[in-house]
Number of protein chains: 2
Amino acid sequence: MVAILDERKRQVLFAIVHDYIQTAEPVGSRTIARRYELGVSPATIRNEMSDLEDMGYLAQPHTSAGRIPSDKGYRLYVDSIRNIPALTAAEVELIKRHLGSKLRGQEFILEAAARLLSSLTNYTSIVLGPATAAARLHALQIVPLDLSRAVVMVITDGGLVVNEVVELPDSLTHHDLAVLCEMTNRACTGRTLSELRNLDLSTVLGAFNEGISAFESAMDQLIGSLQRKESEHLVLGGATNILNQPDFRDMQKLRNVLKVLEEEALVFKLVTSAAASPASVNIGSENPLEELRECSIITATYSLGGPGIGHISVLGPTRMEYGRVMSLLRFVSQIISEK
Amino acid sequence: MVAILDERKRQVLFAIVHDYIQTAEPVGSRTIARRYELGVSPATIRNEMSDLEDMGYLAQPHTSAGRIPSDKGYRLYVDSIRNIPALTAAEVELIKRHLGSKLRGQEFILEAAARLLSSLTNYTSIVLGPATAAARLHALQIVPLDLSRAVVMVITDGGLVVNEVVELPDSLTHHDLAVLCEMTNRACTGRTLSELRNLDLSTVLGAFNEGISAFESAMDQLIGSLQRKESEHLVLGGATNILNQPDFRDMQKLRNVLKVLEEEALVFKLVTSAAASPASVNIGSENPLEELRECSIITATYSLGGPGIGHISVLGPTRMEYGRVMSLLRFVSQIISEK
DNA sequence: CATTAGCACTCTCGGGCAGAGAGTGCTAAC
DNA sequence: GTTAGCACTCTCTGCCCGAGAGTGCTAATG
């Protein structure tokens, strides 16, 4: 970190990263000298490579194999990407067609985006619906099922509906419920979910029936499940794409990654924490899950009408086409946000 | 099929199936003679095995390897299982604890069942919510979002909620919508979804506003999405368990199976068609998807209060512990149905 | 003094080979 | 009909060897 790399070292490093990303094979000095016009001999490059390894930018699978970039090497490479590469006209056209006009409903858009990204990149894509905490309640409805259960439905201004079955205290009558529904509705409509979470129900309902404070627990249930729901708006695309990546020929590595992808809660944590970090790229060991220390994840955000932002990300091996994925993500999230 | 196997051939076949299920290795004549008390020499068993192979019950990976059961062999084995093995007390206790009393909501029960089955069997479990076609509408609510969109929510008597955003014709006013909602609600409540599908809306709404027949298309949308939703109530458990099965050490086979599991629509088709066949066990090539010709799927049904039945199944290699899985499935579906 | 040619060295990978092990199929004896 | 014996086949493992790729070092060079 302290010493900035001189120009030629950078060139060598980037050549190695570039080559390794394409071939997935450790790259040697001769290859660099041949394929990239650096104007120096392999021997010189060897010296530079040796230095770069000492500095921690490269690693060597074994003596007498070529070098591969370390996480630190990738990091420098990614940080140096100033102008992310332009998409081809074909890609732009494809994206526009698939995310085009007449997609109804948030679900469909997100699913389409996930499918699209995974097929374009051959990596796994993860799309997270807009965080609901900032969304405003459009309406809250309580529909009784029978005397002991009711369905509570919340509609946000973004058109998202979440619902939950709640247990009711035995003591409620039908009429109680109707009034209750009316009052709750009036109290909640227009507020954000996070406001709702802090709302003291007794002040709202106190005037009506001070006796049935037990109802509060039912509302607590709903609020709890709203928090849960927040993490559930998750769409995976191309989870099996890692099978195509030579990096995961090893069954043990494969298992690690697939196991994570199977757990919604983990994926959720992964994406949100990746997005929380200032950079939108998390490389290998930078990311919070030990199991994904051979993966990188690139994240972009979008907003879909409402105030909450959503996340859209691509998960692949550290040997990832960073530039291209960044361009794609940027463009796709832009298209989505335009709706 | 024409000739029934004589007793000793059956014993040999079943011994091979049994051994192969446990070891995943081709089993030879010596092994059978040693491990199973048939009272005959390896040579005799070899003769029987040769016959069984001619009849199509066994196959040989290569000359001079042991035999493995063919699909036909498994089929005979499964059909011969009269008394499925009893569960251990520990298993019974475990299942009861995990599916015990206080699970609220269909979602939770189904998820718990899926998780439980996959961890008990080390295979993949698939749980399908009760078919909604037979469920009765408890309530239908239309909540306008803005002038061009509304959320239509349907609550079944089972407590299941499905909702959909529909586009509205421009010509509707707020007041129209309110009346419309009221009328639709009255017309639909108490009917089954399949009745609803055939309902002629014009007879219901005709009296009110003959002009806005365009509304029919909106309702068509909802009904279409209801059909879609039907297939969406799908919970997978332990999809990565196949990684642990030696049968799928080969990356190509793995890819086939995982690819299917990734596609909800395919999985849905798989389970429903498997359940449609009279036997609850589909072995290898018996099942409808080419990609799963090395898998078997065992299915049971349950009912959850309402009239619709749900499916619960386990997908594993053809080399599956049929008896045990059948017992587990039977017990779990029974426990679920008791709710 | 940075660069480079030359060279010895190391490590992997693939092919070839031999021996062990497992299993079969056949034949002849019981 | 059953079985012992035996030759045969096939896989798997370990081993060796040579080819290939790549490095690191040294000494020469501009």
Side-chain angles (χ1 to χ4, degrees), chain A residues 3 5-13 15-20 22-70 73 246-247 249-250, chain B residues 3 5-13 15-20 22-70 73 246-247 249-250:
Chain A
L5 290 182
D6 71 57
E7 183 53 24
R8 198 174 57 192
K9 280 197 172 48
R10 291 171 64 92
Q11 287 185 341
V12 171
L13 175 58
I16 291 175
V17 173
H18 189 256
D19 212 74
Y20 184 64
Q22 295 196 317
T23 63
E25 305 266 298
V27 19
S29 55
R30 249 179 71 85
T31 313
I32 298 291
R34 205 176 341 108
R35 277 212 265 272
Y36 302 82
E37 310 271 325
L38 299 189
V40 290
S41 77
T44 309
I45 293 177
R46 273 204 289 284
N47 291 331
E48 300 288 28
M49 283 165 81
S50 185
D51 290 352
L52 284 168
E53 184 172 359
D54 288 344
M55 290 186 250
Y57 291 105
L58 294 178
Q60 210 172 6
H62 56 266
T63 347
S64 125
R67 306 297 213 290
I68 64 177
S70 67
D247 313 72
R249 253 187 257 110
D250 178 34
Chain B
L5 291 182
D6 71 57
E7 183 53 24
R8 198 174 59 193
K9 279 197 172 49
R10 291 170 64 93
Q11 286 185 341
V12 171
L13 174 58
I16 291 174
V17 172
H18 189 256
D19 213 73
Y20 184 65
Q22 294 196 317
T23 64
E25 305 266 298
V27 18
S29 55
R30 248 180 70 85
T31 313
I32 299 290
R34 207 178 338 109
R35 278 212 264 272
Y36 302 81
E37 311 271 325
L38 299 190
V40 289
S41 78
T44 308
I45 294 178
R46 274 206 288 284
N47 291 331
E48 300 288 28
M49 283 164 81
S50 185
D51 291 351
L52 284 167
E53 183 171 358
D54 288 343
M55 290 186 249
Y57 291 104
L58 294 177
Q60 211 172 7
H62 56 266
T63 347
S64 126
R67 306 298 214 289
I68 64 177
S70 67
D247 314 71
R249 253 188 259 111
D250 179 34

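Throughout, a chain's letter reflects where its sequence line sits, starting with A, and its residues are numbered from 1.
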Whole angstroms only, please: what is the [atom1]-[atom2] distance between [X] and [N]?
X	N	atom1	atom2	result
A/I68	C/dT12	CD1	C1'	15 Å
A/D54	D/dT23	CG	P	14 Å
A/R35	D/dA21	CZ	C1'	13 Å
A/H62	D/dG22	NE2	P	10 Å
B/D19	C/dG23	CG	P	10 Å
A/N47	C/dA2	CG	P	11 Å

| query | Going by distance alone, is a donor N or O of one side chain under 3.5 Å from an acceptor N or O of the other, for A/D51 and A/Y57? | reply |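 A/Y57 and A/D51 do not have a side-chain donor-acceptor pair below 3.5 Å.
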Taking only side-chain nitrogens and oxygens of [X], does any of them come within less than 4.0 Å of OP1 or OP2 of [N]?
X	N	result
A/R30	C/dA5	no
A/S64	C/dC9	no
B/R67	C/dT24	yes

| said: Here's a test of your reading of the structure: between A/A43 and B/V40, which maps to the more 5' nucleotide of DNA chain D? | reply: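 Result: B/V40.
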Looking only at side-chain atoms of [X], point me to the closest of [options].
X	options	result
B/T63	D/dG24, D/dC10, D/dT2	D/dC10
A/T44	D/dT11, D/dT3, C/dT4	C/dT4
A/R46	D/dC10, D/dG24, C/dT4	D/dG24
B/Q60	C/dT4, C/dT24, D/dC10	C/dT24

| query | So, does A/Q60 use its side chain to make a donor-acceptor pair with the main chain of A/A65 at under 3.5 Å? | reply |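 Flag set: sc A/Q60 to bb A/A65 pair under 3.5 Å.
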| field | Residue of the set B/R34, B/E48, B/R67, B/R46 for which side chain to side chain donor-acceptor pair (under 3.5 Å) holds with B/S29 | value |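 That would be B/R46; it is the only one of B/R34, B/E48, B/R67, B/R46 passing the side chain to side chain donor-acceptor pair (under 3.5 Å) with B/S29.
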| query | Taking atom CE of A/M49 and atom CD1 of A/I16, what is their separation to the nearest 0.5 Å? | reply |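 One finds 4.0 Å between CE of A/M49 and CD1 of A/I16.
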